[in-house]
Protein chains: 2
Amino acid sequence: MAQAAPPKARATRPSANATRERIVVAALDLFSELSFDGATTREIAARAEVTQPLVNYHFSSKEELWFAAVDRIFAQLNDALTGRAEGLRGVDELTTAKLLIREFVYFCAAHPQLHRIITQECKTDGPRMDWLVEHHVRPVYEQTAAMLDGLVAAGHLPRVPTAHLYYILTGAAPTMFVLGPECRRLTGLDPRAPEVIEAHADAVISLLFGAERTEP
Amino acid sequence: MAQAAPPKARATRPSANATRERIVVAALDLFSELSFDGATTREIAARAEVTQPLVNYHFSSKEELWFAAVDRIFAQLNDALTGRAEGLRGVDELTTAKLLIREFVYFCAAHPQLHRIITQECKTDGPRMDWLVEHHVRPVYEQTAAMLDGLVAAGHLPRVPTAHLYYILTGAAPTMFVLGPECRRLTGLDPRAPEVIEAHADAVISLLFGAERTEP
DNA sequence: CAGGTTCCTGATCATTCGATCAGACTCAGT
DNA sequence: ACTGAGTCTGATCGAATGATCAGGAACCTG
């Protein structure tokens with residue numbers, strides 16, 4: 001009665017790495033949008049155009065897939081920011097900071113998944129938060145805090161404790177992009193549009209350091 | 001073989017409203033921490049100290065319970081802010097704004113559930129986001145935008161488009177409290193401590209309006 | 001006291017989830 | 001041509017979830 005479906009012809013041998021990558025990309029999107037519990041391995045597999053058991057072939061568990069997805073987005077963040085910082089040796093501190101913050105805003109716009117995942121996992125203590133904070137967030141925090149300390153010491157920022165500056169910056173920069181769909185509906189602005197992203201970078205920088213625009 | 005457990009004695013007749021309220025409070029906490037999918041009706045019931053079917057007795061579905069929880073937190077927000085605003089008739093615009101923003105920071109600290117839920121639901125289009133934005137967020141946005149417009153027009157804020165100011169404010173104010181557990185571990189600061197909350201309000205206000213402290 | 005309503009519980013349903021497993025297909029090495 | 005490792009799929013498992021249902025206890029009304 002039950003007729004076996006004919007196996008699909010496969011032109012060439014698949015590349016495991018490419019498939020793994022597709023799964024990680026799909027997982028990052030879905031984890032960040034639907035949360036760890038809300039994203040199902042079936043939906044991740046469907047978006048990656050593979051079958052669900054293949055997810056468990058490449059990753060021993062859903063949690064390990066989540067680790068891989070988070071590793072990926074933080075690697076991209078570090079590429080973007082340390083790459084930018086290295087091109088700025090010798091430039092004065094305030095200019096460097098403004099350019100790095102601008103780059104950070106651009107990154108938040110291009111990769112809202114980063115802060116979506118952080119706000120999902122860092123609300124409650126748990127094994128995933130432990131790993132995320134100690135493995136990825138702390139290094140970012142310490143670098144950022146050092147930069148902010150320098151700016152306060154040089155008088156470029158008001159004398160506000162570093163931790164507050166950090167959470168103000170990491171709240172002000174990404175929120176518009178994290179809540180992209182809400183922003184579109186609420187304000188009519190599309191936070192994916194380049195001119196909106198640039199305006200947001202301008203806004204963050206001018207509120208932190210005093211009014212000043214891209215064109216001096 | 002199976003022995004029926006003796007029914008628990010119940011001293012007085014329970015109040016349906018009080019039970020409903022306990023369920024809503026538990027649901028708000030768990031929805032905000034674990035997301036809609038991550039929070040189970042059994043866990044909500046356990047925290048409210050009731051049985052799981054009782055949740056479905058008072059609320060026809062999990063989603064309706066979520067609506068009730070969101071209604072509750074927005075009612076608290078409106079109580080806090082409009083109550084504060086009414087005591088400030090006749091006070092000058094800048095002072096009013098500073099006091100309202102301070103009150104907003106206090107509210108974010110006392111009720112991190114608000115922005116936890118917004119960031120969970122407003123990342124993706126869907127029926128819950130539709131309802132949340134049109135029913136609750138839009139009125140808040142329009143009131144806030146009007147205030148911010150006034151501040152820009154009066155020269156108290158840099159000439160930045162309103163939508164950006166809104167997302168900078170609603171990002172900068174609550175993030176430290178939304179990510180409370182992370183903040184404790186990362187910085188050693190406890191964002192539940194009154195002096196930390198006040199320092200954050202000072203920080204947000206001084207970055208928006210220029211350095212100035214509680215004690216002039 | 002009789003009948004009805006409100007509030008609540010234990011048992012259980014169908015569904016969906018993450019995970020596992022046997023087997024199939026491709027290809028490199030020999 | 002044969003073998004074995006690597007990659008992938010359909011079928012299916014146990015566990016957990018949201019929801020339902022029959023029934024029971026407390027209370028009100030007459």
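Naming: A, B, ... by sequence-line order, numbering from 1 per chain. Worth knowing before you read on, the calculation uses all heavy atoms, side chains too, and leaves out hydrogens, waters and symmetry mates. All values derive from a computational prediction rather than experimental measurement.
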### Message
Can you measure A/I44 atom CD1 to C/dA19 atom P for me and round it to whole angstrom units?
### Response
10 Å
#### Entry: Spacing of B/L34 atom CG relative to D/dT17 atom C1', expressed in whole Å
15 Å
### Message
Quick check: closest heavy atoms across A/T124 and A/M129, and the distance to 0.1 Å?
### Response
O-SD, 3.4 Å
Anything under 3.5 Å between a protein N or O and an N or O of nucleotides 20-23 of chain D, put it in a table, one pair a line.
none

### Query
Could you state the interatomic distance from CD (A/Q76) to CG (A/D79), rounded to the nearest 0.5 Å?
7.5 Å
### Query
Any side-chain donor paired with an acceptor under 3.5 Å for A/E182 and B/Y167?
yes
### Query
In Å, rounded to the nearest 0.5 Å, how long is the span from CZ of A/R47 to CZ of A/R22?
13.5 Å
### Query
Which of the following nucleotides, C/dG18, C/dT9, D/dC8, is nearest to the side chain of A/T40?
C/dG18
### Message
If you take any heavy atom closer than 4.0 Å to DNA chain D, which residues from residues 121-129 of chain A end up in contact?
### Response
none
### Task
Kindly point out which of C/dC17, D/dT9, D/dG18 is positioned nearest to the side chain of A/R42?
C/dC17
### Task
To the nearest Å, give me how far apart CH2 (B/W66) and C1' (D/dT17) are.
20 Å
### Task
Take the protein atom CD of A/E63 and the nucleotide atom C1' of C/dG18, then report the distance between them rounded to whole Å.
12 Å
### Query
If you look at every strand shown and take non-hydrogen atoms under 4.0 Å, does A/A39 touch a base, only sugar-phosphate, or nothing?
sugar-phosphate
#### Entry: CD1-CG distance between B/I197 and B/D202, expressed to the nearest 0.5 angstrom
12.0 Å
### Query
So A/W66 and A/F36, would you call those rings parallel, tilted or perpendicular, with 30° and 60° as cut-offs?
perpendicular
### Query
Can we say B/E33 and A/K123 salt-bridge, meaning some charged N sits less than 4.0 Å from an Asp/Glu carboxylate O?
no
### Query
How long is the line joining NZ of B/K62 and P of D/dA16, in whole Å?
16 Å
### Query
Separation of A/E49 atom CD from D/dT7 atom C1', in whole Å?
17 Å
### Message
So, using ring pair (Phe, Tyr, Trp, His ring centres under 6.0 Å) as the criterion, who are the partners of B/F104 when residues are at least two apart?
### Response
B/H115
### Task
Look at the side chain of A/T51 and decide which nucleotide, out of D/dG18, C/dC8, D/dG10, has an atom nearest to it.
D/dG10
### Separation of D/dA25 P from B/L54 CG (nearest whole Å)
17 Å
### Query
Roughly how many Å is it from CD in B/E21 to C1' in C/dC7, rounded to a whole number?
17 Å
### Query
Using the ring of each side chain (for Trp, its six-membered ring), is B/H136 parallel, tilted or perpendicular to B/F74, with breaks at 30° and 60°?
parallel
